[in-house]
Amino acid sequence: MSKLPSRLQCVSLWNLAIPGSHDTMGYDLDMESDILDPESLIPVSKLHCVRALIHKWATTQLDAGVRFFDMRVARKPDDPDPTRTFFYHGLYTHSDVETVLSTVSHWAAGHPTEVLLLALSHFRGMEDHHHQHLIDFITQLFGAKLVLVADQPTLRFCWDSGRHILVSYDHPANKNLQMWRKIPYFYGNTIVPSEVVTVLDKKLRTQTPINYFFVCGLNLTLPDGLGALKYLSKTLRSVTLEGLPSLLDWVNRQYPGPFNDHINIIASDFVNLLDFVSTVVQLNGKMPALLNK
C-alpha cells in the first residue's frame, strides 16, 4: 500500500480498489473433520474422498498481496476447550482462530504501512459467551492497532495513528466500538462467470454503499443438490481458472472512488491465479484522472 501514489494516501479506504481473499483460511483445512457446507454434501461427509475434493476446492493462499480477508468462524461440536473456535470453508481448519489471528498480528507488526481488513462472519455453533471471549481476545490482541468505528480511515491516517487493522464482526453480539459492523459482500451465487458479472453490475447500480466498505466477490458458487459433486470432481480451481479471465475483464472495466457504480474490495478464490491482485491494485490509477475532470 505504501507504493500507491501519494495523491491516494488521503482517500478513504472505501474509495480505493483493494484485493481480497474469499474464504481465506481454506489452505488450512482439516481433512478429518466433518463437512459444514455445502449442505448437500453433509450426508457424505464421512467419505474421505469427498473431503479430499473439498480440500482442493477450498485451497486459497494468504500470502498473495491481498488485504481483505473473508474469515468464517465456527465452533467444533464436543470440543473440550470451552472457548476455542476455528475457521471453516466446507471443512474446519486445523488451526484455531486465536492462533491464526496471533500470526496476523505478528505479520502486521512487521508491515506497519499495510492496512488489513479482517471480516469475521457466519459463526456456526457459537453461543454468547463464545462471542464475548473472541471479541475480548481480538481487542486485546490488536489493541492500539485497531481502526475504530469512529475513524474515517485513509492510508495516511492509518500510518500516522498506527491503526492499520480493521476488524468487521458480523454478529449482534458485537457492541464494541473497536470493531466494525458487517461489510456487505455481493456475489453471483452461481457457477457461471457471465451470471456473476450480471449480478455484480446490478448490485453496483442499485446497492453500492456510500462512505462505507463493500465487497464484490468474483467467487463461483456450487449448485444446490448433489450436482455439486460434478464440479468438485473437476475441482473448483479448474472451473475458476477457466472463468477468471472473463471476470478479470470485468474488473478491468471498473473504477474505484466516490462515484456512482464504483468498486471497493474485490475478492476471489485462488488469489494467486493469473494477475488477480495486480489487476485490482492497478484500478487505483484510474481514480485521479476522474477526480481531476
Side-chain angles (χ1 to χ4, degrees), residues 1-22 24 62-71 101 103-120 138-139 141-169 177-185 204 208-217 251-252 254-268 271 275-293:
M1 288 180 162
S2 62
K3 295 181 180 179
L4 289 177
S6 59
R7 58 182 175 270
L8 299 181
Q9 295 176 6
C10 295
V11 173
S12 297
L13 293 181
W14 47 71
N15 288 326
L16 294 178
I18 300 173
S21 176
H22 170 251
T24 299
L62 286 170
D63 193 19
V66 299
R67 294 297 173 261
F68 168 87
F69 302 100
D70 171 28
M71 303 175 121
L101 294 184
T103 301
V104 170
S105 180
H106 178 75
W107 187 93
H111 301 79
T113 60
E114 299 302 321
V115 180
L116 305 182
L117 294 87
L118 312 180
L120 279 64
I138 291 170
T139 55
L141 174 66
F142 295 127
K145 293 195 289 287
L146 282 171
V147 178
L148 306 181
V149 175
D151 294 333
Q152 297 291 314
T154 66
L155 288 176
R156 177 54 57 189
F157 169 85
C158 292
W159 298 341
D160 291 346
S161 67
R163 301 180 194 166
H164 63 118
I165 299 178
L166 187 151
V167 177
S168 162
Y169 199 97
L177 296 180
Q178 293 175 284
M179 280 190 277
W180 294 57
R181 64 184 187 271
K182 176 182 180 178
I183 295 179
Y185 193 112
L204 290 179
T208 305
I210 303 298
N211 297 330
Y212 195 69
F213 299 100
F214 69 98
V215 185
C216 288
V251 172
N252 272 315
Q254 307 311 307
Y255 296 88
F259 320 111
N260 293 333
D261 301 348
H262 74 284
I263 53 89
N264 176 210
I265 301 162
I266 297 181
S268 178
V271 292
D275 298 315
F276 167 71
V277 172
S278 60
T279 299
V280 175
V281 172
Q282 289 171 8
L283 295 179
N284 291 298
K286 297 181 178 182
M287 185 167 55
L290 289 178
L291 287 174
N292 291 335
K293 286 185 177 181

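- A side-chain donor-acceptor contact under 3.5 Å links His111 to the backbone of Trp107.
- Here the CD-CG distance, from Gln178 to Leu166, works out to 11.5 Å after rounding to the nearest 0.5 Å.
- The local environment of NZ in Lys145 is crowded, with over 12 non-hydrogen atoms from other residues, nucleotides or ligands closer than 6.0 Å.
- Of the possible donor and acceptor atoms, one in the side chain of Thr208 sits under 3.5 Å from a partner among the backbone N and O of Leu204.
- A distance of 8.0 Å separates CZ of Phe213 from OG of Ser12, quoted to the nearest 0.5 Å.
- Residue pairs satisfying the salt bridge (charged side-chain N to carboxylate O under 4.0 Å, His left out) criterion with at least one member in residues 104-120, sequence neighbours excluded, are listed as follows: Arg67-Glu114.
- Atom CG of Leu120 is separated from atom CG of Asp70 by 9.5 Å, given to the nearest 0.5 angstrom.
- Expressed to the nearest 0.5 Å, how far CG of Leu16 lies from CG of Leu4 amounts to 6.5 Å.
- Checking side-chain atoms of Trp180 against main-chain N and O of Val147 turns up a donor-acceptor pair under 3.5 Å.
- To the nearest 0.5 Å, the span separating CG on Asn284 from CE on Met1 amounts to 9.0 Å.
- Residue Leu117 holds its CG atom at 6.5 Å from CG of Leu13, rounded to the nearest 0.5 Å.
- Within a 6.0 Å radius of CG in Asp160, other residues, nucleotides and ligands contribute more than 12 heavy atoms.
- For Tyr169, the ring pair (Phe, Tyr, Trp, His ring centres under 6.0 Å) partners at least two apart in sequence or on another chain are Phe123, His131.
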